[in-house]
Participant: 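Quick one: the structure is below, questions incoming.
What you are looking at is a predicted structure, and each value in this text was computed from that prediction instead of being measured.
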Amino acid sequence: MSWKPLVGSVLALALLVPSSSPATDYYVRISGNDGNPGTSAAASWLTVQHALDTMVAGDTTYVGAGTYAEELRSVRDGTAGSPIALIADTSG
């Protein structure tokens, strides 16, 4: 029995399976800065639009309390299994 066909089949299957990156949590605060990485409350972004410009399917942004005077435009779609989520952060 030759292993070459089996190895080729496994490799072909691996190429067909879409790779997905892990979802990322981001943070927006009125004290933030869009030059920050946005990956923690201490290094949060300033604008919700910057979050929408950065997020991909599966990502979540926690928006801190405050007034955000922005006209938001989503540039990407989530999926049924991996939505893009904006959540009011009541703890920060």
Participant: Out of curiosity, does Tyr68 fall in the hydrophobic cluster containing Leu72 (side-chain heavy atoms, cut-off under 4.5 Å, transitive links)?
Facilitator: yes

Participant: Please report the closest heavy-atom contact between Thr24 and Thr39, naming both atoms and the distance.
Facilitator: CG2-CG2, 4.4 Å

Participant: Between Trp45 and Ile30, is there shared hydrophobic-cluster membership here, with clusters defined by ILVMFWY side-chain heavy atoms closer than 4.5 Å?
Facilitator: yes

Participant: Between the main-chain N or O of Thr47 and the side-chain N or O of Glu70, is there a donor-acceptor pair closer than 3.5 Å?
Facilitator: no

Participant: Would you give the length of the straight line joining atom OH of Tyr27 to atom CD1 of Ile87, rounded to the nearest 0.5 angstrom?
Facilitator: 10.0 Å

Participant: State the OG-CG distance between Ser82 and Asp59, to the nearest 0.5 angstrom.
Facilitator: 9.5 Å

Participant: What distance do Arg73 atom CZ and Asp53 atom CG have between them, rounded to the nearest 0.5 Å?
Facilitator: 11.0 Å

Participant: I need the minimum non-hydrogen distance between Ile84 and Met55, along with the two atoms involved.
Facilitator: CG2-CE, 3.2 Å

Participant: If I compare all heavy atoms of Glu71 with all of Gln49, which pair ends up nearest, and what's the gap?
Facilitator: O-OE1, 3.7 Å

Participant: Hey, what do you get for CG (Asp89) to CZ (Arg29), rounding to the nearest 0.5 Å?
Facilitator: 4.0 Å

Participant: What's the shortest heavy-atom distance between Ala23 and Gly58, and which atoms?
Facilitator: CB-O, 2.9 Å

Participant: Please round to the nearest 0.5 Å and tell me the distance separating atom OH of Tyr26 and atom CG of Leu86.
Facilitator: 12.5 Å

Participant: Nearest 0.5 Å please: distance from the CG atom of Leu46 over to the CG atom of Asn36.
Facilitator: 9.5 Å

